[in-house]
Structures are given as C-alpha cells and as structure tokens.
Amino acid sequence: MAVNWGGLIGVVIFYVIILAIGLYASRKNKGKSSMEDVMLAGRNIGMYLGVFTMTATWVGGGYINGTAQSIVDSGLLWAQAPWAYSSSLFISGLFFAKKMREKNYVTMLDPFQMKFGKRMGGLLFLAALSGEIFWSGSILAALGSTFSVILGIDKTLAIIVSSCIAMSYTLFGGLYSVAYTDVLQLTCLFFGLWLSIPFALANEHVTSITETNWFGTWENKYSGVWLDYALLLILGGVPWQVYFQRALSARTPRHAQILSYAGGIGCIIMTIPSFLIGAIAVSTNWNETAYGQEITDSNIVLPLVLQYLTPQVVSIIGLGAVCAAVMSSADSSLLSSSSMFARNIYKLLIRPNASEEEIIWVMRCAILVSGGISSTLAITINSIYGLFYLCSDFVYVVLFPQLVCVVYIDYTNTYGSLAAYILGLSLRLGGGEPLLSLSPFIEYPFFDNGEQLFPFRTFSMLVSLTTLILFSYLFHYIFTKNVLDKKWDIFKCVTNITSPAADVGLDDIVRPRSKP
C-alpha cells in the first residue's frame, strides 16, 4: 500500500501542535522542583481542566478501537469496557476519592506503604505497574493499526514515533502538560469521530444498522465469564494511579469526587461513536468495497471504516481523532507509572535521602523506560481488546482487595497483605492467560476444553480479600493478646511499630495543609 502523504502531513501537523501545547504548559513548572508541582500540578487543577483530563485519561486508543473491535467480534453484549469503566469512576468517586484526597497522599501507593511497610508497597507496585504498562500497550497498538491502514506506513514505526512524542512533553511538563493537551485531544476525538459517522452510514455498501444483528448472541454457559469480566472492569478500574493522580490533584476533596462523576459521564458519551462504528462494520458488505474482502483482523475495524467508508478528508480527520485518543491516555499512563516508581520505590526503598530534584529526574528516566516497555508490548501482542482487559486483570485480583482494606479496615497489616498477595496471584495465574501464552494449571469448576467458564478472577479477588482480613485479624490477635511475644512481630506492623508514616518517610502526607 502506498503512503498517504496528505494524511501523513496532517498527522505531523497535529503532532507538532500537541507537542507545542505540551511544552507551553510545561512552563507552569518552570522554577518549581517539588514532587507535588510536577506529579500533581501543585494540587491546583481546576474543575474545567480536571473534567477534561479525567475523561481523556480513560478514553484512549484501546477504549475507542477496542470497543469497535468487540462489537464485531462478539456484539454489544460483550462490549463491557465502556460502561464498566464509567461505572468504576462513579464507584471511585463515591468511596475512595474523598478519603484519599483528605489525607493529602501524593500517589495511590502512599497509604499502602504507610500501613503495610515500604517493602510490601514495593510488591504492590509491581501489580500497579503491570496494569499501567498493559494499558499503554493497548493504546499504542490501537494507533499502530490505524496508521498502517489509513496512512500505509509501518505499524512499528507509528508506535515508536507516537510513543516518543508523548514522552517528550510529559518529561518536562508533568501533569500540567498532560492536562492541557488533554483538552485539545478530547475535543479532536469528539468531533473527529462524530464527523465520520454520517458519511459511513450513508455509504452505499452499508446496510441499515437496524436490520443487522450487532447485539451479539447469549449462551448461558458463558454467564460466569460475562459476570467475571464485568466485575473485573468495574472494580478493577478503581485502584489505578492514573485515576488517583487526577483525584489527588484536585483543589479539594469535594472537587475530587465531582471530577470522578463527571469523568464517568464523559466516558459514556465519548464511546457512542465507537459503538456506532462497530455496528456499521458489521452491517457492511466488505467484498463490494475497495477493501475487497471480509474483515479477518478485527483489530483494524475502526480504521477500515474510516478508510473505506468515508471520504479521504474525513478519514484523515478521523485518524487525527484516534491519534488524540492515544496521546491523551499514553502520556497519562507514562506519568502515573513513573511517579509511583520515583516516589514509592526510588525515594522510599533505594535512596531515602534523595532530593526532590533528583526524584524528578528519576521520574523522567522512568518515563523513558515505561514508554519503551509499552511500545514493545504494543508491537508484539495482537489483540487490542485483549490487552484492554488484561490491564485490569491483575489490578483487580491483587490491588483492589488491598485498597479496600487500607482505606476502610484499620487492623489490616503486612501479614495479611502478603498472604493475600501470594494466594490471590497464585489463583489468578492458575487459571491461565492465552495472551501471555500461560496454560492453566488449575481447572476450576465447569472447565471445558481448555476454557475457564467459572468466574475465577472474581473468585481469586474474593479469596484475596478474605485472606487479607482473616490473616490480619489473626496476627493482630496473636500479638495484642500476647499469644506470641512481640519480638516475633518481624514485620513491625502490629506491636513493634510507633509511627508508620515516619517508618517509610511519609510524614508530609498526614499533616493537614492550610491550602483548601
């Protein structure tokens, strides 16, 4: 396929504008060297900017392309991510945003390290990091597929270039650059995709979407799988640094809640074009189009609709919309994972005496590493929607139970946290994972021809939650009732600890601030 030079020039111009806005916004951090200024924009994100960046963070390339792909593969019934992630924002706002913001935490991992210790916090960081990396991978994979179809350029090159652009302004601008570019990106996404819908619907090769079955079919034997994935996305969408970075940057706890609710509404609105594009793809006689064959790779459903069912100018604008979606989430994910590493791993585990300027430079290096790993995943793993699910999988099983306990159950401790981590992860890995070529070594009930029909992810999460509570209570009882001498409290989390915040160097986050 020949390179579409007109489209390529348009994309280059778009990228230059995004880069310019990102670098302009980075001037807000000029002369500032504190972690809060770079990671949380000085906790000064206003309502308008906050709503845009909260919505844009979730509505990425995986969200947009993956939804259309799911409609084609399985129908509307199985396109769970949009409404599920939207629900997760409402749950986060209702139960977690206010409590976390009131404590002035800097990252999501701060309360974990305060309660469970810095080393246990390091283990939990691995689960959080895997989610962020898979999320970024799904985003960049979506963009690579779109570029290869519409512009005729190599997928790998597109992924690498886009990743470099996102990293460049995130490196120096922090959350301010990410938030300011989110405004333009979300606006481009909304108008770009909606512009393409009427042209695609009016194409002569498209049957009315009211006459085709794009809702999918229901088989009772997959009820457990459907429920498992739905809960995974709803509850697994809560413990994300990329979300809490925005909630914690809000000016007040109440603002943090409002941003969450508004973001949930925004996610639903922004996904409507993707639903329609998926339905259009199902209703198209592809053999009669210039494409000349039925769709064999559902990863490229959205770019195929833009390329072959709309005029060239519209398809290029639609491509800009996809680029906007990718950049708005890729930069957010890179910043969130690097923030956790710089503060919760480097600062608290490796160099407790590091200056804030040093930590910021470590964060910038971590952005480069995260971008490289995410790009590699995007190039090597085929399914966009599969990556989209997988990014919440380990977060759901490992992190969600820990977050509930650290926020709501005071007596939980490191003993329970470690036991829950090991058992929950073992049960999840035992179910296997095709995307990672991991064969199941545990056959749960209703196991059929290599398929796990039992909701084993939710089972693993519930076992993890129960284990954390029971083991914490057991060790709390053993040491407080002197069943064992307190010298055996090796984790120093029940009777031997005096100041959890001081132990991990987090005194600053528990002091009330004069700033509202």
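Computation of the quantities below employed the complete heavy-atom set of this structure, encompassing side-chain atoms and omitting hydrogens, waters and symmetry-equivalent molecules. Heads up: numbering here begins at 1 and tracks the sequence.
- The two atoms that bring Gln307 and Ser315 nearest to each other are OE1-OG, 4.0 Å, heavy atoms only.
- Ring geometry for Phe90 against Tyr261 counts as parallel: the plane angle stays under 30°, on a 0 to 90° scale with 60° as the upper cut.
- Of all the heavy atoms in Gly131 and Val395, the pair that sits closest is CA-CG2, 3.9 Å.
- Proximity of a side-chain donor or acceptor of Thr271 to a complementary backbone N or O of Ile268 within less than 3.5 Å is not detected.
- For the 3.5 Å distance criterion, the side chains of Ser283 and Thr207 fail to qualify, holding no donor opposite an acceptor.
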Would Gln402 and Ser417 count as a side-chain hydrogen bond (donor to acceptor under 3.5 Å, both in side chains) if you check the C-alpha gap in whole Å, the side-chain angles of each, and the deciding distance to 0.1 Å? CA-CA 7 Å; Gln402 307 266 353; Ser417 176; 2.7 Å; yes
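- Gln245 places none of its side-chain heavy atoms less than 4.5 Å from the side chain of Trp240.
- For the atom pair CD1 of Ile409 and NZ of Lys115, the computed distance is 9.0 Å after rounding to the nearest 0.5 Å.
- A side-chain donor from one of Glu132 and Ser333 sits under 3.5 Å from a side-chain acceptor of the other.
- What you find for Thr310 and Ala200 is that their closest heavy atoms are CG2-N, 4.0 Å.
- Between the side chains of Arg246 and Ser260, no donor-acceptor pair of N or O atoms lies under 3.5 Å.
- Rounded to the nearest 0.5 Å, atoms CD1 (Ile197) and CD1 (Ile272) are 10.5 Å apart.
- The side-chain heavy atoms of Tyr222 and Trp78, taken from C-beta on, include a pair separated by under 4.5 Å.
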Run the side-chain hydrogen bond (donor to acceptor under 3.5 Å, both in side chains) check on Ser339 and Thr107 step by step: do they pass? CA-CA 7 Å; Ser339 297; Thr107 74; over 6 Å; no
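- The closest side-chain donor-acceptor pair between Trp218 and Asn220 falls under 3.5 angstrom.
- Residues Tyr85 and Gln80 bring no donor and acceptor atom of their side chains to less than 3.5 Å of each other.
- Phe394 carries Arg428 over the face of its six-membered ring, with the cationic atom under 6.0 Å from the centre and within 45° of the normal.
- Between Leu89 and Gly264, the shortest heavy-atom distance links the atoms CD1-N, 3.5 Å.
- Atom CZ of Phe191 has 12 or fewer heavy atoms from other residues, nucleotides or ligands within 6.0 Å.
- A pairwise comparison of heavy atoms in Gln452 and Tyr444 identifies OE1-N, 3.3 Å as the closest pair.
- Proximity of a side-chain donor or acceptor of Trp226 to a complementary backbone N or O of Leu77 within less than 3.5 Å is detected.
- Close placement of the Tyr415 and Phe491 rings is indicated, their centers lying within 6.0 Å of each other.
- In the model, Gln293 has no side-chain atom that pairs as donor or acceptor with a side-chain atom of Asn287 under 3.5 Å.
- Taking each heavy atom of Val238 and Leu403 in turn, the nearest pair found is CG1-CD2, 3.8 Å.
- Aromatic ring centres of Tyr473 and Tyr411 lie closer together than 6.0 Å.
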Give the C-alpha distance, both sets of side-chain angles, the deciding distance and a yes or no for side-chain hydrogen bond (donor to acceptor under 3.5 Å, both in side chains) between Ser274 and Thr67. CA-CA 6 Å; Ser274 290; Thr67 298; 5.1 Å; no
